[in-house]
2 protein chains.
Amino acid sequence: MADDLPKRCHDCLVRDTSLCASLCDSELAELGKLGRKVVVREGTVVTSEGDDNLLCANIVSGAIKLLKTTPDGREQAVGLLADGDFVGQPFADSGALTAIAIRNTELCIYPRSSFERAMADRPKLERALLERTMRSLNEARERQLTLARKSAKARVAGFLLGLMRDGNMGSIEVPLSRGDIGDYLGLTIETVSRQFTELKAAGIIAADRGGRTVAIHDRAALQSLAED
Amino acid sequence: MADDLPKRCHDCLVRDTSLCASLCDSELAELGKLGRKVVVREGTVVTSEGDDNLLCANIVSGAIKLLKTTPDGREQAVGLLADGDFVGQPFADSGALTAIAIRNTELCIYPRSSFERAMADRPKLERALLERTMRSLNEARERQLTLARKSAKARVAGFLLGLMRDGNMGSIEVPLSRGDIGDYLGLTIETVSRQFTELKAAGIIAADRGGRTVAIHDRAALQSLAED
DNA sequence: CGCTGCATTGAGTCGTATCAAAAATTGTGG
DNA sequence: CCACAATTTTTGATACGACTCAATGCAGCG
């Protein structure tokens, strides 16, 4: 381990899952000097659609939703980010989104200009960002299919299955309000709620605490519902 | 100009708009050796969802639609590509899509492995791909908003405006069938047709030749419709 | 001329949005 | 710990937009 590796990097929870995983300790030491840790409270608007697309940060812990807004004010979440994900678009000149923390979130923020320089010097870093960007693109395309073609029930079922991939166990914490889920799935609060109710009635899930804790009873049924 | 620059590169229509624009002549000479031109007929399936994600190519002329398919067979176009665009995802291991030529199309195809090697050697090429990928991501997110929240009329209006950006003039050729437009906008053929009819009735556009040639009479009206 | 494929038009249905109200949950101050 | 306010979720009634199914119109072509 490099002597000058900042402590916050060495102990970092996402040392091996974030973009930083592409760097060895000595490279990380240099990048580490550029970044600073920032903690934002749930609900904080981290950056906004009108802004200059300057944000570059790793999410150390927490979660962030990316939003687009129609001229008349309706919102659509176009992505959800969690631990280890990168926020921002170095080298892009447009396409800024609104980013809002949906939990208390710890960010490791870099000034865009110095982050761009760091990438130019370190091909592995740039490669890692390219691969991440492609994954995001594939997710965004998958979501086009969902938003354009799938029924409300299929969207909710797919959403729950997506949560199980990480949170896991038969029981999962839903980290979003009904409203946030609606934004993400392109549905209204009421429709999301009704789908939860119907899934409960069918014995496929059980829920309590205002529907924030969900137990999956019949995963196979969810799978098949998610396809319609 | 480098002596060994292949003629097909020097004369290439997209020398300055494709990924190749990031390369100088001597670099292009090397990359050029790896590629080969292929002409495919309209309707050709260039690559398919099940395949191995090996395709890497520049579109020299023509147009390609990228499709995803639901388990029960419905299609959703997740992107349209035109002259100068790049098809494929070097360094990505999943996320393959179906790509179908919607006109006779000329491709400059590279083997994925050698294209990856070329990118590793040439930072400018990799940077150019990163920037393109980010643009695609931004488009995909914009489309999420459209598909999730906008009315049929707004989608069709927005689609026509998008065509004007490139094809231009008051009059534009619609390069897609009603069915293809429906796939792209997440609508049925009938709904697309009805929207065209209503736009004609309102005097905002005029169309003939089975609706394949469209004249925009009131661009401002289209703009405002595209926002609902 | 009669195919064949695509676009248009029409009638009816279904799913989700909308509007409105009740119920459950969370948070706050006494 | 309880009472009360604020927020979120659930439930209900209704409306509307897009889909579905079906028929007709129109062009290109053998």
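Protein chains get the first letters and strands the later ones, always in sequence-line order, with residue 1 at the start of each. Every value quoted in this text rests on a predicted model; they were computed, and no experiment measured them.
For B/Glu190, the side-chain atoms get nearest to C/dG10 when compared with the rest of C/dG10, C/dT16, C/dA7.
Defined by atom type and a distance below 3.5 Å, a donor-acceptor pair is missing between the side-chain atoms of A/Thr133 and A/Ser136.
Residue contacts for A/Arg212: at a heavy-atom cut-off of 4.0 Å it reaches the sugar-phosphate backbone alone, with no base atom in range. Here A/Lys153 lies out of heavy-atom contact (under 4.0 Å) with every strand.
Note on B/Asp228 versus B/Lys153: no salt bridge recorded, every NZ/NE/NH1/NH2 to OD/OE distance being 4.0 Å or above. Note on B/Glu75 versus B/Lys68: no salt bridge recorded, every NZ/NE/NH1/NH2 to OD/OE distance being 4.0 Å or above.
The nearest heavy atom of DNA chain C to A/Ser151 and to A/Asp208 marks one nucleotide each, and the one closer to the 5' end goes with A/Ser151.
Taking 3.5 Å as the limit, the base of C/dT9 and the side chain of B/Arg178 contain no donor-acceptor pair of atoms between them. Donor-acceptor pairing under 3.5 Å, judged by distance alone, is present between the side chain of B/Arg194 and the base of C/dG10.
Taking the six-membered ring wherever Trp is involved, the centroid distance between the rings of A/Phe86 and A/Phe115 falls below 6.0 Å.
Closest approach of B/Thr191 to B/Ala152, counting heavy atoms only: CG2-CB, 3.6 Å. Across every non-hydrogen atom of B/Val214 and B/Ala207, the tightest pair is CG2-CB, 4.3 Å.
Every side-chain hydrogen bond (donor to acceptor under 3.5 Å, both in side chains) that B/Asp72 has, sequence neighbours left out, goes to B/Thr70, B/Arg74.
Nucleotides of DNA chain D lying under 4.0 Å from heavy atoms of chain B occupy a range whose first and last members, 5' to 3', are D/dA18 to D/dC21.
Whole-Å rounding puts the B/Phe196 CZ to C/dT9 P distance at 13 Å. Rounded to whole angstrom, the span from the CD atom of A/Gln195 across to the P atom of C/dT16 amounts to 6 Å. Remark: C1' of C/dA17 and CD1 of A/Ile189 are 12 Å apart, rounded to the nearest angstrom. Look at CD on A/Glu198: it is 10 Å from P on C/dG15, rounded to the nearest Å. Taking atom CG on A/Leu185 and atom C1' on C/dG15, their separation rounds to 16 Å, with Å as the unit. C/dA17 atom P lies 8 Å from atom CZ of B/Arg149, rounded to whole Å. Residue B/Glu42 contributes atom CD, which lies 10 Å from atom P of C/dC6 at whole-angstrom precision.
End-to-end axis angle of the helix from C/dC1-D/dG30 to C/dG30-D/dC1, using five pairs per end and rounding to 10°, comes to 30°.
For the atom pair CD1 of B/Ile100 and CD1 of B/Ile64, the computed distance is 10.0 Å after rounding to the nearest 0.5 Å. The NZ atom of B/Lys200 lies 12.0 Å from the NE2 atom of B/His217; values are rounded to the nearest 0.5 Å.
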